[in-house]
K.L.:
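Got a structure here, written out as structure tokens. Questions coming.
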Amino acid sequence: MKITKRFNRVIKPLKTINNHDPKSQITKVKTNLKQKSKRKANTITIKQKSQTQLDICSKDSFLLEKNPKRLDLDYYQIDALDLAPRLLGKYLRRDDVVLQITEVEAYRSNDSACHGRVGVTSRTAPLFGPGGHAYVYLCYGMHNMLNVVADKEGIGSAVLIRSCAPVTGLETIKQRRGLDTDKPVLLTGPGKVGQALGISKDWSNHALFSPGGLELLDGPEVKDIVVGPRVGIDYALPEHVSALWRFAVSGSPWISAPKNTLKAP
DNA sequence: GAAAAGATTAAA
DNA sequence: TTAATCTTTTCC
């Protein structure tokens with residue numbers, strides 16, 4: 001498999017060169033190389049810019065909260081559709097890492113896109129437990145997706161955390177992600193959030209309102225929200241595919257793709 | 001002309 | 001879904 005990848009990457013430019021004027025193609029390749037080295041040279045500038053964004057987005061608000069408290073069990077005992085937008089701005093903490101939630105999706109009872117549609121299994125059991133627990137599942141055999149279980153026991157609904165902004169523990173986040181950057185690519189996507197928090201499906205059913213491990217802390221209420229259809233649920237019924245149950249902090253750079261489907265409500 | 005944003009593709 | 005590429009658009 002690796003051979004195929006390498007083969008493609010080597011052969012592609014050659015094909016292009018053969019089909020076009022060699023001189024212009026060589027110039028193009030040279031330009032690309034130049035751009036790449038320049039990008040490297042500009043790393044410092046980019047980092048400074050991102051750092052500013054980071055401060056504006058989340059660091060200040062976390063410090064202002066002084067000592068954010070864990071949300072209590074009652075907070076979660078509502079419809080996932082109501083809980084989802086309320087989780088924007090809240091904080092996820094594990095070890096020295098604190099992330100501020102910037103993008104979520106609601107998965108509800110009687111929702112053909114929700115894992116709960118198959119009923120209670122060993123995997124989905126936490127989903128049917130009382131709200132306030134984590135529901136973590138493996139996607140594509142490698143991505144751990146973090147959901148916050150909503151509503152009362154037996155309902156089977158949750159809020160998927162799709163993106164976050166870093167607040168503290170940037171070095172740990174980078175290390176877990178295996179990426180040395182401060183840019184949104186670090187945390188925009190559900191798999192990235194799970195990786196940054198260092199969680200696996202073993203964390204499924206973990207109580208987010210209890211001290212220790214993974215905690216969900218209170219944060220500022222987000223009023224400027226954009227909404228859109230949920231991502232990657234083509235298998236669901238049309239009415240659920242089109243439902244605007246994806247929520248994100250308006251204007252935040254910490255939002256996953258696709259962004260053009262998000263609009264003011 | 002360079003950076004940013006969008007689209008595409010392989011991989012797991 | 002993610003990461004890496006390739007392509008198009010934006011803007012200094």
Side-chain angles (χ1 to χ4, degrees), chain A residues 1-20 24-54 57 99 101-105 107 113-115 123 135-147 158-164 166 173-201 226 228-236 241 246 248 250-263:
Chain A
M1 299 306 137
K2 277 181 182 172
I3 295 164
T4 313
K5 194 181 177 184
R6 201 180 299 159
F7 183 73
N8 277 342
R9 276 173 197 164
V10 173
I11 204 76
K12 255 192 176 173
L14 289 175
K15 267 188 188 168
T16 317
I17 288 169
N18 288 338
N19 292 336
H20 298 82
S24 67
Q25 287 305 317
I26 289 167
T27 312
K28 199 177 176 185
V29 171
K30 278 186 179 171
T31 310
N32 281 339
L33 288 172
K34 215 167 133 190
Q35 286 181 343
K36 274 192 179 171
S37 62
K38 264 214 167 174
R39 256 174 238 154
K40 267 196 175 173
N42 284 341
T43 302
I44 294 166
T45 319
I46 292 163
K47 273 188 178 174
Q48 283 172 344
K49 200 176 175 184
S50 300
Q51 189 64 47
T52 310
Q53 287 179 337
L54 195 153
C57 285
L99 308 182
I101 299 170
T102 52
E103 182 190 343
V104 297
E105 282 175 356
Y107 287 86
C114 182
H115 283 189
R123 178 176 78 151
Y135 167 54
V136 185
Y137 67 89
L138 200 58
C139 179
Y140 289 86
M142 64 184 301
H143 303 301
N144 290 106
M145 317 287 259
L146 173 62
N147 295 258
V159 177
L160 171 67
I161 310 299
R162 281 194 62 85
S163 295
C164 291
I173 296 170
K174 287 180 184 177
Q175 198 180 350
R176 285 175 177 163
R177 289 278 293 112
L179 220 57
D180 186 19
T181 179
D182 300 345
K183 291 191 278 187
V185 67
L186 192 63
L187 285 171
T188 52
K192 299 176 187 179
V193 172
Q195 193 177 25
L197 291 170
I199 57 169
S200 67
K201 58 185 177 183
V226 285
R230 294 170 294 176
V231 181
I233 55 162
D234 296 338
Y235 55 84
V241 170
R246 178 187 181 199
S250 180
S252 171
W254 302 95
I255 295 176
S256 71
K259 291 181 183 177
N260 58 1
T261 57
L262 289 165
K263 305 273 163 59

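Excluded from the calculations below are hydrogen atoms, water molecules and symmetry mates; all remaining heavy atoms, backbone and side chain alike, are included. Reminder, nothing fancy here: chain letters follow the sequence lines and each chain counts from 1. The model shown is predicted, which means the values in this text are computed figures rather than measured ones.
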K.L.:
Working to the nearest 0.5 Å, report the span between CD1 of A:Ile161 and CD1 of A:Ile101.
P.N.:
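So the CD1 of A:Ile161 and the CD1 of A:Ile101 are separated by 4.0 Å.
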K.L.:
Could you walk me through whether A:Arg230 and A:Glu105 satisfy the salt bridge (Lys or Arg N to Asp or Glu O under 4.0 Å) test, starting with their C-alpha distance in whole Å, then the side-chain angles of each, then the deciding distance to 0.1 Å, before giving a yes or no?
P.N.:
CA-CA 6 Å; A:Arg230 294 170 294 176; A:Glu105 282 175 356; 5.7 Å; no
K.L.:
Once you apply a heavy-atom cut-off of 4.0 Å, does A:Pro258 come out as touching a base, just sugar-phosphate, or nothing?
P.N.:
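If one applies the 4.0 Å heavy-atom cut-off, A:Pro258 turns out to touch nothing in the nucleic acid.
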K.L.:
Select one nucleotide: of B:dA12, C:dT1, C:dA3, the one nearest the side-chain heavy atoms of A:Met142.
P.N.:
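Minimum distance to the A:Met142 side chain belongs to B:dA12.
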K.L.:
OP1 or OP2 of B:dA4 less than 4.0 angstrom from a side-chain nitrogen or oxygen of A:Lys183, does that happen here?
P.N.:
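So the side-chain polar atoms of A:Lys183 never come under 4.0 Å of the phosphate oxygens OP1 or OP2 of B:dA4.
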K.L.:
Rounded to the nearest angstrom, tell me the gap between atom CG in A:Leu138 and atom P in C:dT2.
P.N.:
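Roughly 13 Å, once rounded to whole Å.
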K.L.:
Applying side chain to side chain donor-acceptor pair (under 3.5 Å), name anything that partners A:Ser163, two or more places apart in sequence or on another chain.
P.N.:
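In terms of side chain to side chain donor-acceptor pair (under 3.5 Å), with neighbours along the sequence ignored, A:Ser163 is linked to A:Glu103.
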K.L.:
Return all side-chain donor-acceptor pairs below 3.5 angstrom for residues 138-145 of chain A, not counting sequence neighbours, or 'none' if the list is empty.
P.N.:
none

K.L.:
Figure out the CG/P separation between A:Asn260 and B:dA7, and round it to whole Å.
P.N.:
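Between P of B:dA7 and CG of A:Asn260: 6 Å.
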K.L.:
Given B:dA12, C:dA3, C:dT1, which nucleotide is nearest the side-chain atoms of A:Val231?
P.N.:
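Nearest to the side-chain atoms of A:Val231, counting from C-beta on, is C:dT1.
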K.L.:
Looking for any heavy atom pair under 4.0 Å, which part of the strands does A:Gly191 touch: base, sugar-phosphate only, or nothing?
P.N.:
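Sugar-phosphate only.
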K.L.:
Do any side-chain nitrogens or oxygens of A:Arg162 fall under 4.0 Å of OP1 or OP2 in C:dT1?
P.N.:
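Yes, A:Arg162 has a side-chain N/O under 4.0 Å of OP1/OP2 on C:dT1.
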K.L.:
Find the distance A:Leu179:CG to C:dA4:P and express it as a whole number of Å.
P.N.:
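Value for this atom pair: 7 Å.
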K.L.:
Starting at atom NZ of A:Lys192, determine the distance to atom P of C:dT2, rounded to an integer number of angstrom.
P.N.:
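It is 6 Å, rounded to the nearest whole Å.
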K.L.:
Nearest whole angstrom, please: distance from the P of C:dT1 to the CD of A:Glu103.
P.N.:
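One finds 10 Å between P of C:dT1 and CD of A:Glu103, rounded.
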K.L.:
Whole angstroms only, please: what is the CZ-P distance between A:Arg177 and C:dA3?
P.N.:
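Checked: the CZ to P distance equals 4 Å.
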K.L.:
For A:Asn147 and C:dT1, what is the distance between atoms CG and P respectively, to the nearest whole Å?
P.N.:
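So the CG-P distance, A:Asn147 to C:dT1, works out to 12 Å.
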K.L.:
Please report the distance, rounded to the nearest Å, between OH in A:Tyr137 and P in C:dT1.
P.N.:
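Rounded to whole Å, this separation is 7 Å.
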K.L.:
Between A:Tyr107 and A:His115, does the ring centre distance come in under 6.0 Å?
P.N.:
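For A:Tyr107 and A:His115, the ring centres are not under 6.0 Å apart.
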